[in-house]
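Following: one structure in structure tokens, then a few remarks.
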Amino acid sequence: MSANSCLKIMSELNPHFDLIVSQLLAQMSLEEKIGQMSQLAGHEGWIPEHLIHALQAGKVGSVLNEVDLRTVNELQRIAVEESRLGIPLLIGRDVIHGFKTIFPIPLGQAASWSEEVVEQGARVSALESSTCGVNWTFAPMIDISRDPRWGRIAESLGEDPYLCSTLGVAMVKGFQGKNLKDTGSIAACAKHFAGYGASESGRDYNTANIPENELRNVYLPPFKAAADAGVATFMASFSDLNGVPASGNEWLMKEVLREEWNYPGFVVSDWDSIRQLTVHGFTANDKEAAFEAANAGIDMEMVSSTYHDHLQALVAEGKIDIEQIDFMVGRILTLKYDLGLFDNPYTDPSSLPKVLADENIAAAKQAALKSCVLLKNSNNVLPISTNAVNSLAVIGPLANDGYEQLGTWIFDGEAQHSQTCLQAIKDFVGDDVEVKYAKALKNTRSDDQDAFEHAIAMAKSSDVALMFLGEESILSGEAHCRSTIDLPGSQEQLIEAIAETGTPIVLVVMAGRPLTLTNIVDKVDSILYAWHPGTMGGPAIADLIFGVKSPSGKLPVTFPRTVGQIPLYYAQKHTGKPATNDSFVHMNDIPERAAQTSLGMAATHLDTHFSPLFSFGYGLSYSKFEYSNITLSKNNIAIGDTLTISVQLTNTGDYDSDEIAQLYIRDLVGSVTRPVKELKGFQRIHLTAGETKTIHFELSSDDLAFYDRKMQLNAEPGQFHLWLGGSSEASLRTEFNLIDAK
Ligand code: GLC
């Protein structure tokens with residue numbers, strides 16, 4: 001096909017491509033086009049011969065996992081100056097929650113319910129990783145995660161489509177900035193498309209069977225929001241989604257992403273996920289895998305080489321059209337233009353702010369402060385006043401471990417930059433309070449209780465025991481799933497031993513997932529859930545413990561009582577026999593030889609109450625908040641209308657603090673069953689002690705829309721309940737109707 005006819009096709013059929021992309025495409029050989037569709041792994045500071053030759057031949061579109069700046073600039077130089085067409089490279093890196101300055105894990109950032117925190121964290125990550133030539137990151141991870149056994153819940157933004165969509169968009173904005181061409185902006189990547197979070201039994205890479213209606217109403221919305229926000233790329237999931245692995249799923253990648261959403265960016269496979277189509281048994285060999293992935297529209301292959309090895313033949317055999325290839329390559333070239341790489345592919349770090357700059361460190365501390373969730377504070381043991389105590393016992397394997405507090409997916413963060421809790425506590429109290437320290441366990445998995453005696457003695461002679469327990473970072477993240485989610489090792493036994501001393505216990509948990517704390521929740525006075533809080537976890541947690549700030553985080557994910565309750569999430573369906581307190585009879589209370597139908601017939605377990613231990617949206621403060629006087633702008637809204645909801649929020653406590661006001665609805669009747677509650681709005685509000693503010697939310701009829709029985713997105717007239725409060729257990733309720741004004 002002549003260059004002109006290619007240009008004609010490109011500019012007519014795909015106005016998305018600027019003329020410049022079309023002109024470049026017209027000059028490219030098929031081999032060079034396929035080269036753009038190949039991403040190769042870096043070699044951490046050196047460039048092997050085979051990579052040099054591939055670059056010179058124009059057979060590489062991107063390199064990932066190279067962050068040595070000299071090497072990155074040399075990779076770019078070879079690609080630009082030693083190949084025929086001089087096309088620069090995309091340099092990819094997982095900068096999931098920080099590069100050198102590490103922020104709380106994404107699940108922790110989600111607990112801040114703050115778009116500002118999440119956007120700032122991504123901005124700092126982009127600026128810092130840019131100093132090493134990175135121009136593309138594989139984040140945000142916006143897989144809805146409702147199974148805490150799954151290790152990757154740590155890098156997710158939680159269980160709720162609305163919260164995940166809102167914060168996922170904030171992360172895209174942080175990475176991509178106002179313009180991709182700006183220094184310090186990097187391309188983001190919405191991953192893993194789609195349904196990865198529903199991996200059966202919480203085992204990573206496992207089958208994901210999700211009915212289309214559930215997929216569209218729960219798992220796809222965050223990806224649609226990211227697409228609408230202009231995320232530069234998508235990543236295909238490893239998942240076998242309903243029998244068709246995502247990396248070869250034409251329905252998902254073409255019908256939904258391209259035809260329904262008209263998404264213009266490009267899709268990269270996950271690591272080796274195209275070749276794995278054969279491992280799935282979806283294809284018989286690499287050539288078939290290349291066909292299915294290219295046919296579905298996976299534009300770039302991460303690390304495996306099925307495109308390099310077989311695409312040319314597939315085009316020659318007429319199985320893949322050259323137009324399809326041109327669309328795929330055009331999307332890749334367009335991003336390179338959008339990033340300004342053709343103008344300047346090289347990185348001059350002097351043009352960028354320093355890594356670990358003071359403002360970055362300050363942002364990481366703010367994020368950790370707002371991410372911690374106060375789950376319990378009986379007897380108001382927290383905050384601790386340094387005037388009221390003489391000695392503190394700091395106990396546990398996570399009190400002084402700058403590596404573990406960083407969390408999973410840390411490729412470039414370094415423990416040496418971490419400020420630990422022990423050090424921060426010592427810095428805070430100075431000479432006013434004696435701080436004693438006992439690690440007590442070698443690590444979080446240890447069962448060696450030999451050091452307990454020392455810890456017990458210390459606790460006995462202290463006013464408060466501050467215990468730092470949870471999970472080492474390796475126990476969450478990719479491929480790190482657990483079939484039970486209690487505190488590992490002998491940590492529960494350690495808590496019991498310290499509890500027997502009678503000294504008040506403040507438990508600080510660092511973990512990459514919700515843990516089942518049922519066995520110990522009554523043995524401690526206070527629980528502060530810090531997730532893995534990142535570089536500044538220590539100072540942030542110290543400020544919370546001593547009351548410089550009040551905790552304000554809220555749970556982005558449900559905490560089950562037992563692992564057997566999973567999946568357990570607030571936005572569940574009502575069922576035809578809903579669980580109620582009246583219908584729950586604990587197994588131990590069942591009379592012998594009880595009649596078959598005597599226990600009530602409802603959606604409950606016999607051995608565990610159906611409620612969670614801690615609910616989605618829950619989190620305490622040192623203050624207390626009261627919601628009152630909820631009012632609606634009208635009681636009936638028509639399709640196309642907007643409802644304004646107002647409520648008075650009062651800080652009735654003694655502490656200035658933030659409260660995250662949450663708005664939930666329930667659509668009482670739908671053409672498909674609807675959740676008993678759905679988050680549709682939230683605001684982080686600061687109130688001084690005693691202050692009252694009237695806050696307003698807006699709800700449009702579009703906000704009430706869902707995919708119906710025919711997979712059409714519609715808001716259906718009918719009655720709605722609406723709640724406002726500080727968690728998904730909000731009780732302040734009103735009602736309104738959506739009417740069909742025709
Ligand atoms: C991994 C992950 C993906 C990551 C990619 C590159 O296997 O699934 O999230 O971005 O490979 O490291």
Side-chain angles (χ1 to χ4, degrees), residues 38-44 60-67 89-99 105-107 122 125-126 129 132 134-145 150-157 164 168 171-172 175 186-199 202-208 219 222-223 226 231-241 245-249 265-277 279-280 293 298-305 407-413 473-474 476-481 512:
S38 302
Q39 178 181 56
L40 301 187
H43 294 266
E44 296 183 357
V60 186
S62 170
V63 172
L64 83 161
N65 293 343
E66 180 54 74
V67 289
L89 298 167
L90 291 172
I91 303 293
R93 182 68 159 182
D94 293 281
V95 190
I96 306 301
H97 55 106
F99 187 69
I105 55 172
L107 190 60
S125 303
S129 56
C132 298
V134 171
N135 52 41
W136 181 25
T137 191
F138 308 116
M141 189 275 212
I142 46 180
D143 299 302
I144 293 298
S145 306
W150 190 44
R152 303 199 77 163
I153 196 171
E155 57 184 291
S156 81
L157 293 169
C164 182
M171 210 173 259
V172 169
F175 285 126
I186 62 177
C189 181
K191 73 182 187 182
H192 307 78
F193 194 55
Y196 191 13
S199 296
R203 270 191 304 127
D204 208 356
Y205 316 122
N206 204 3
T207 305
Y219 292 89
F223 288 95
V231 68
T233 63
F234 266 50
M235 181 186 289
S237 161
F238 287 119
S239 304
D240 173 352
L241 176 60
S247 297
N249 194 313
F266 82 79
V267 178
V268 63
S269 76
D270 203 334
W271 188 288
D272 191 40
S273 71
I274 293 179
R275 189 195 60 79
Q276 288 171 21
L277 292 177
V279 182
H280 277 284
I298 311 297
D299 302 302
M300 183 180 280
E301 179 172 18
M302 182 185 284
V303 174
S304 49
S305 62
T408 186
W409 275 110
I410 296 303
F411 280 176
D412 305 291
S473 56
I474 194 66
S476 60
E478 183 171 353
H480 302 153
C481 306

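Atoms within each ligand, like the ligands themselves, are counted from 1 in listed order.
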Show me which atoms of ligand 1 lie under 4.0 Å from any heavy atom of [X].
X	value
F138	10 (O)
F238	7 (O), 8 (O)
K191	3 (C), 4 (C), 9 (O), 10 (O)

* Asked: Under 4.0 Å from ligand 1, counting heavy atoms only, is it the side chain of H192, its backbone, both or neither?
  ->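 H192 to ligand 1: side-chain contact only, backbone stays beyond 4.0 Å.
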
* Between R152 and ligand 1, which part of the residue brings a heavy atom under 4.0 Å of the ligand: side chain, backbone, both or neither? ->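 Only the side chain of R152 comes within reach of ligand 1.
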
* Nearest-neighbour protein heavy atom for atom 1 (C) of ligand 1, which is reported as residue plus atom name and distance ->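 Of every protein heavy atom, E478 OE1, 3.2 Å lies nearest to atom 1 (C) of ligand 1.
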
* Asked: So which heavy atom in the protein is nearest atom 11 (O) of ligand 1, and how far is it from that ligand atom?
  ->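 Looking at atom 11 (O) of ligand 1, the protein heavy atom closest to it is D270 OD1, 3.1 Å.
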
* Is any N or O atom of W271, backbone or side chain, closer than 3.5 Å to an N or O atom of ligand 1? ->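 No, no N or O pair falls under 3.5 Å.
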
* Polar proximity ligand 1 side, D94 side, N/O cut 3.5 Å exclusive -> yes

* Name of the residue among W271, Y205, W409 meeting side-chain hydrogen bond (donor to acceptor under 3.5 Å, both in side chains) with E478 -> Y205

* To do: Please confirm whether M141 comes under 4.0 Å of ligand 1, counting heavy atoms of the residue only.
  => no

* To do: State, without any angle test, whether Y196 and D204 hold a side-chain donor-acceptor pair at a distance under 3.5 Å.
  => yes

* S145 side chain to W150 side chain, donor-acceptor N/O pair below 3.5 angstrom ->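 Result is no, nothing qualifies.
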
* Structure fact -> Residue set satisfying side chain to side chain contact (heavy atoms under 4.5 Å, CB included) with D272, at least two apart, ordered chain then number -> R275, Q276, S304

* Structure fact -> By side chain to side chain contact (heavy atoms under 4.5 Å, CB included), A232 pairs with (sequence neighbours left out) Q176, L180, A187, L335

* To do: Could you tell me the separation between the CD1 atom of I91 and the OG1 atom of T137, rounded to the nearest 0.5 Å?
  =>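 That separation rounds to 13.0 Å.
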
* Would you mind reporting whether P245 and H280 have side-chain heavy atoms less than 4.5 Å apart? => yes

